[in-house]
Each structure stands twice: as structure tokens, then as C-alpha cells.
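Take a look at the structure set out below.
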Amino acid sequence: MKKLLLIIVLLYLPFAGVLADDALYSGEVAVPSQGDADRLEAVPEALIQVLQKISGQREMPPSATLDEALENAAEMVLSFRYRNVERVTPDGDITRELRLVASFMQTEIDAIVQRAGLPRWQQERPAVQLWVVVDDGAKREMKPLEYDYAWQSLEGVAAMRGLPVSWPELDEEEAQLIDMRLVWGGFTDYLVERGAPADGVAIVAVRREGPSWTLRWNLASNGQNWSWRNSDQELMFALAQGVHLMVDEIAAANSIAASEQGSWTMQISVGGLH
């Protein structure tokens, strides 16, 4: 009987179909101008975004490592560029916002994550499909156009936290076949049966109650389910809060602790081969 000895070196986690490095190791911050002073002031905030994306943590625990990294953030910038973003305001106007996109050196960031004792969120992150239904008291409608500013803000928060999101693409006939009662009730299994991705679907039931918006979230991702409620007087802020909670749950379920990160050598014996 011959034995085959395999030496396996584990570094973090082996991932397939990972989030692109240019998105994972880049932060995007609004700036008033393309001047050097404004760029240098924004770079530490961009670095915080990168650490949030990699670790899945909304808040960075204070540490000497983090303080040093923020102080030297500009030295870790690999490249930077600017882009203009059109934003929809609640009254329907279009505003333009200048943003700095700073990309950081991967090896430097990985070292900071380890030294700071941060968890690491796996890079394979299938998009969560969002089904948002708004009840205005007269009817229930999916993703009404008059709230485009809120949907745009939701996408921005998800991107900042490193979670890809998508919207269902339905033609008029497909939309009519959807049982809105089941969607409003939060039955994610029903949507999965109709073709929604099983690895990530969220139903957000939105209702105006007095001066506040109340949101009920039902999330199904990789065989796990979560539900919660939140509210705010502004729909945009209520959605942002809910997205943060969604990322918190998904990241926590798909991360490895700092103590489990590193390199190990393992010997595996395989017998019975001819």
C-alpha cells in the first residue's frame, strides 16, 4: 500500500469567486475638491472603509495599530482617482458629488488586519437580492420610483460595507404573477422557489406609521434566516440602519476570528490507492 503525503499550507481561507481586490481594498469618500489637502484629509476615512469591508466590522476597536495605520494612511495608498456621482435628493433634484477613490496596498492592509486582531470576512460574497415593498395605506408597490433617493442611498451603504446587492428584474407580466401577500409576509422561501438566489434574498416590508417609517426585514442567506424591525422618521436613514444590521449578520456568519488566521503545515496520509 502506498501512502501519499500531502503538505497543505493554509493562509486565511481558500475562496472561489471572490470580491475583486480593487473593490475590497478601495475606499470612496466625498471631497470638496481635488486639492492635495482635501485628499490627504479623506484618505484615513477611505482606509477605515477598507478595514470595514475586510473585517465585516461596523466599528473598528481602538488600538495602537489602528492609530498608527490612520496616521500613515497616505503612505499605503497604491493609487487614487476621482469620480463625479449624481445623487437624487428627496425632492427629486439631481446633485453632483465629487468623490475620491483610494486604493491601498493589499499586503499592508492584510498586515494591519492581523496586527489589530480583526476578523476576516470571506471574499466570496454573493449579492443579496432585495425585494422592497412599500405600503402607503392605499396599495402595496415594489420599489416605487418616488423613493429613488432612498434606494440609491441603500446601495451606497451596502457598497461601503462591502456587500453586493441586486434588485429583482421583472417585466410587467412577471410582476403580476408575484403573490404580493407572500412577499409582504416575508416568505423568502417563496421567492427562492420562483428563482430568487438561494444564497441571499431579503424582503423589506416598508410602512408609514404616523411620522415614522417602520421596516420589517426577513433575510435568508446560505441556509440561515434572520428577521428584525427598525424605524426612523426618514426612510433613507431607516434603510441605512437596516442594511448595516444585514451586513453585520452576514459578515458574522462568514468570518474567521483573528486567532484562526495564519499559516499551518498539516500532514495527511491517504491509503488504498492503486
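Only this structure's heavy atoms are used, side chains among them; waters, hydrogens and symmetry mates stay out.
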Practice item. Decide whether D93 and Y149 meet the rule of one side-chain donor and one side-chain acceptor closer than 3.5 Å. Key: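 Judged by distance alone, the side chains do not pair up.
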Point to revise | Between S33 and D38, a side-chain donor and acceptor under 3.5 Å | key: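 Judged by distance alone, the side chains do pair up.
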Exercise for review: Please step through side-chain contact (heavy atoms from CB on, under 4.5 Å) for the pair W151 and L145, ending with a clear verdict.
Suggested key: CA-CA 9 Å; W151 317 139; L145 290 176; over 6 Å; no
Exercise for review: Check step by step if side-chain contact (heavy atoms from CB on, under 4.5 Å) holds for V206 and L235.
Suggested key: CA-CA 9 Å; V206 182; L235 176 58; 3.7 Å; yes
Practice item. Evaluate the criterion side-chain contact (heavy atoms from CB on, under 4.5 Å) for residue pair N254 and N222; output intermediate values, then yes/no. Key: CA-CA 10 Å; N254 296 279; N222 291 323; 4.0 Å; yes
Of all heavy-atom pairs between [X] and [Y], which one has the smallest distance, and what is that distance?
X    : Y    : result
A46  : A102 : CB-CB, 4.1 Å
R39  : Y82  : CB-OH, 3.5 Å
V88  : Q152 : N-OE1, 3.0 Å
W121 : R161 : CZ3-O, 3.4 Å
L47  : A73  : CD2-CB, 3.8 Å
N225 : A220 : OD1-CB, 3.4 Å

Practice item. Quick one: list whatever passes side-chain hydrogen bond (donor to acceptor under 3.5 Å, both in side chains) with E174, sequence neighbours left out. Key: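 With sequence neighbours excluded, E174 shows a side-chain hydrogen bond (donor to acceptor under 3.5 Å, both in side chains) to no residue whatsoever.
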**Study point:** side-chain hydrogen bond (donor to acceptor under 3.5 Å, both in side chains) partners for T65, two or more places apart
**Key:**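 Residues passing side-chain hydrogen bond (donor to acceptor under 3.5 Å, both in side chains) with T65: none at all.
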How long is the span from the [atom1] atom in [X] to the [atom2] atom in [Y], to the nearest 0.5 Å?
X    : Y    : atom1 : atom2 : answer
L66  : M60  : CG    : CE    : 7.5 Å
S255 : Q122 : OG    : CD    : 8.0 Å
L51  : I112 : CG    : CD1   : 6.0 Å

Find out if a path of hydrophobic residues (ILVMFWY) with successive side-chain heavy-atom gaps under 4.5 Å connects [X] to [Y].
X    : Y    : value
M160 : V50  : no
L245 : W213 : yes
M246 : M236 : yes

Practice item. Decide if atom CZ of R229 counts as having more than 12 heavy atoms of other residues, nucleotides or ligands within a radius under 6.0 Å. Key: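 Open: at most 12 neighbouring heavy atoms sit under 6.0 Å from CZ of R229.
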Review point. Considering residues, nucleotides and ligands other than E45, do more than 12 of their heavy atoms fall under 6.0 Å from its CD?
Key: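 Incorrect, the count does not exceed 12.
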Review point. How is the hydrophobic cluster of L78 composed, in terms of its other members, when Ile, Leu, Val, Met, Phe, Trp and Tyr link through side-chain heavy atoms under 4.5 Å apart, directly or indirectly?
Key: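 Other cluster members: M105.
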Exercise for review: If a pair satisfies salt bridge (charged side-chain N to carboxylate O under 4.0 Å, His left out) and one of its residues is in residues 71-81, list it, with sequence neighbours excluded.
Suggested key: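 Salt bridge (charged side-chain N to carboxylate O under 4.0 Å, His left out) check on residues 71-81 returns no pairs.
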Side chains of residues 130-139: which donor-acceptor partners sit under 3.5 Å, not counting sequence neighbours?
{"from": "W131", "atom 1": "NE1", "to": "Q129", "atom 2": "OE1", "distance (Å)": "2.7"}
{"from": "D135", "atom 1": "OD1", "to": "G137", "atom 2": "N", "distance (Å)": "2.8"}
{"from": "D135", "atom 1": "OD2", "to": "R140", "atom 2": "NE", "distance (Å)": "3.2"}
{"from": "D135", "atom 1": "OD2", "to": "R207", "atom 2": "NH2", "distance (Å)": "3.2"}
{"from": "D136", "atom 1": "OD1", "to": "A138", "atom 2": "N", "distance (Å)": "2.9"}
{"from": "D136", "atom 1": "OD1", "to": "K139", "atom 2": "N", "distance (Å)": "2.9"}
{"from": "D136", "atom 1": "OD2", "to": "K139", "atom 2": "NZ", "distance (Å)": "3.2"}

**Study point:** ring-ring contact (aromatic ring centres under 6.0 Å, His included): pairs with one or both residues in residues 228-252, sequence neighbours excluded
**Key:**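 Found W217-W228.
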